[in-house]
Number of protein chains: 2
Amino acid sequence: MNDTPANKPATITPAPRRSRRKSGGITLRDVAALAGVAPITASRALNTPSAVSEHILQRVKEAVEKTGYVPNMLAGGLASRKSRLVAAVIPTISGNVFLEVVQSLTATLAGYGYQLMLGQSGYEDSREDELLEAIIGRRPDGVVLTGIMRSAQGRQRLLNSGIPVVETWDLTDNPIDMLIGFSHEKVGEAVAQYLHRRGRRRVATLSANDQRAQRRMKAFSDTAVALGMALPGEATVPGAMVPAPTNVGMGRGGLRELLARHPDIDALFCSSDTVALGVLTEAQAQGIRVPEQLAVVGMGDLSFAADLYPSLTTVRIDGARIGALAARFIVERSQEREVRDGIVDIGFSIVERESA
Amino acid sequence: MNDTPANKPATITPAPRRSRRKSGGITLRDVAALAGVAPITASRALNTPSAVSEHILQRVKEAVEKTGYVPNMLAGGLASRKSRLVAAVIPTISGNVFLEVVQSLTATLAGYGYQLMLGQSGYEDSREDELLEAIIGRRPDGVVLTGIMRSAQGRQRLLNSGIPVVETWDLTDNPIDMLIGFSHEKVGEAVAQYLHRRGRRRVATLSANDQRAQRRMKAFSDTAVALGMALPGEATVPGAMVPAPTNVGMGRGGLRELLARHPDIDALFCSSDTVALGVLTEAQAQGIRVPEQLAVVGMGDLSFAADLYPSLTTVRIDGARIGALAARFIVERSQEREVRDGIVDIGFSIVERESA
DNA sequence: CTGAAAGCGCTAACAA
DNA sequence: TTGTTAGCGCTTTCAG
């Protein structure tokens, strides 16, 4: 047995193993080195140029140009707790109803240097929880809930997350946080009154089966009954229902169904312009004159509404304003300390055109 | 002078200052502590459950439940270089043309645990570079370019970034990476041939001024001329042009303009279903019978096309398939090492309905 | 199967 | 104005 320890190193100090996770990408470090400054200085040059001398600013900019550096927002967001990401949740993009909101949200946010992450919840609550987890996991600087019905559990999770939330497309009594919407009940009332003023006395509804649409229809029906636009003694007005999201075919089928049951209706309030387009189409196919025999009112003032024949009387919601306001709320909230609550009723207007 | 050093601490060791960036949030560390394991073990329990004993898996799950822990994907993405984010760039969401793609992209990605970030480039190239920077900065696992015309500079930046790119809605000769599209030229040809078979001999076009639409129209026109559907000696077919994105009003105005110049046309190829709807509407308003006097062909097979009166003959593109394929490409690419290129011609079909 | 150590790329806090 | 230091919360690498 030989006990010479010759084979054993005298000290245990291992050779410092080299970094095993080289990225290959250009980092702020590289830019800083090239500019001959500390990384934090380069960071300042990019994020708060005013806090850096003109001379250094120039050198950093050159270095960025030369290297093609693009800041890693994951790293930046992790360190600063500002992701500059905003999540939007909509039932579905294919309904067209929320397009204007999403469009203006994206555009306005981009102007502030924020990006939009899109989540579709569907009209059922089932996938919502999964979606919420994915959203919260990204630590967005804000969440915009667009026309969505949240579970109590979902509300709670959002609250717990501490992320600013803007609820839109509705007015509720106890918003999570900020709120930009309008009263669906008032819409229903206003349309009923409008049709009453126009002399209609046998009104009906054609509605999607989503919550908000039904609230509009309920208010419409109640007001119509009160105004004497229903059959004597009836507590509601004739109506047909179709699944959300709606399409043109549902409008056509809905009108057929309604006419089969109530051939004598003289006005129809549709829960969306898409459905209304279907109604106009079916009326044309059947030779029913609009508005002489049947007045039609839509909802949403989608881009085609003004150009139909006859042009469509409808309820206009300023989706672009909703989007822009929501974006501003979130950006301001994430930049200021102030916890100013925002609750905005953006209202609606009845756009009077030929169909009613 | 008293030089007793009593007021001075004997050693310079400062009290270890407490962390000045407490988050307040629950982290993996908290979960691990509660479960009595190391953070990395908790991480494994969540990401690769099969690499962890049943016993520990259970405890970690309980801890997650108890704490309401939601993983921070910014941190995870930074460490693992996998953001599980995919960026989509579309000209505008309000055109309706790309809705189906975005819809299926979002849904398919969600199924894999990925989210979609939406960027609108507009139809001009100006804002594109800004947008690219924002996108690359998020280090997405993939970028889907939908119907967009990229600048050479943009192409280069994307290439340099090393991010997988799927170009869609077109077939080009030298794709950046993956490609899912169809031939706009073949669409134009096919529609011309279709109208020729149907006996039309005085065709015209009504097109948006975007690149792809114009390529369809060019091929349509060339084929029509070759088939003898133009005035003798003319190298093109009558046409009107409107700005993208199109709307129904443009279809109405376009038809008026065309008829003023060429009252005798008997068929019209529109660059979008939206325009075609405007054409049908204007025809109805003017008492022009479709298809007897004027055949109308749209493009896109939007959801309303089948339900118009007359129903709209159009060119169908399977947008849902484009979205699903793009999502799969990116997810596979980001999970496997394989650099299998994907180029798919998804083709198109002419949906024969009443309007032509 | 489990853990310790070492970052990912950036910025907040403090110090000069 | 500039720099030093110490993380943000997670996962990779390497070692049991």
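Reckoned from all heavy atoms, side chains included, excluding hydrogens, waters and symmetry mates. Throughout, a chain's letter reflects where its sequence line sits, starting with A, and its residues are numbered from 1.
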Problem set entry | Rounded interatomic separation in angstrom, taking CD1 from A/I40 and C1' from C/dG9 | 12 Å
Exercise. Hey, what do you get for CD1 (B/I176) to CG (B/L158), rounding to the nearest 0.5 Å?
Worked result: 5.0 Å
Exercise. For B/K82 and D/dT12, what is the distance between atoms NZ and C1' respectively, to the nearest whole Å?
Worked result: 12 Å
Exercise. Got a second to check how far A/R138's CZ is from B/L74's CG, nearest 0.5 Å?
Worked result: 8.0 Å
Problem set entry | Which nucleotide in D/dC8, C/dA4, D/dT4 has an atom nearest any side-chain atom of B/A38 | C/dA4
Exercise. Considering only side-chain heavy atoms of A/L78, which listed nucleotide, D/dT2, C/dG9, D/dT11, is closest?
Worked result: C/dG9
Exercise. Quick one: do A/E167 and A/R155 make a salt bridge, cutoff under 4.0 Å?
Worked result: yes
Exercise. Is the base of C/dG9 touched by the side chain of B/R81 through a donor-acceptor pair closer than 3.5 angstrom?
Worked result: no
Exercise. Does B/S53 have a side-chain nitrogen or oxygen under 4.0 Å from the phosphate oxygens OP1 or OP2 of C/dC1?
Worked result: no
Problem set entry | Value rounded to 0.5 Å, distance of CG in A/L132 from CZ in A/R157 | 6.5 Å
Exercise. Any ion pair linking B/R333 and B/D141 (charged N to carboxylate O, less than 4.0 Å)?
Worked result: no
For this session: To the nearest Å, give me how far apart CG (B/L28) and C1' (D/dG7) are.
Result: 17 Å
Exercise. Is a side-chain N or O of A/T108 found less than 3.5 angstrom from the main chain of A/L105, in a donor-acceptor match?
Worked result: no
Seminar exercise, completed: note: B/R44, atom CZ; C/dG3, atom P; distance rounded to Å ~ 9 Å
For this session: Compare the minimum distances between each of D/dT2, D/dT12, C/dA12 and the side chain of B/S80, then state the nucleotide with the smallest one.
Result: D/dT12
Problem set entry | DNA chain C-proximal residues of residues 63-76 of chain A, any heavy atom under 4.0 Å | A/Y69, A/P71, A/N72, A/A75, A/G76
Seminar exercise, completed: note: B/R29, atom CZ; C/dG3, atom P; distance rounded to Å ~ 15 Å
Problem set entry | side-chain N/O A/S43 vs C/dT11 OP1/OP2, d < 4.0 Å | yes
For this session: Starting from P on D/dT2, measure out to CG on A/L46 and report it in whole angstrom.
Result: 14 Å
Exercise. Regarding A/S50 and A/T48, is there a side-chain donor-to-acceptor distance under 3.5 Å anywhere?
Worked result: no
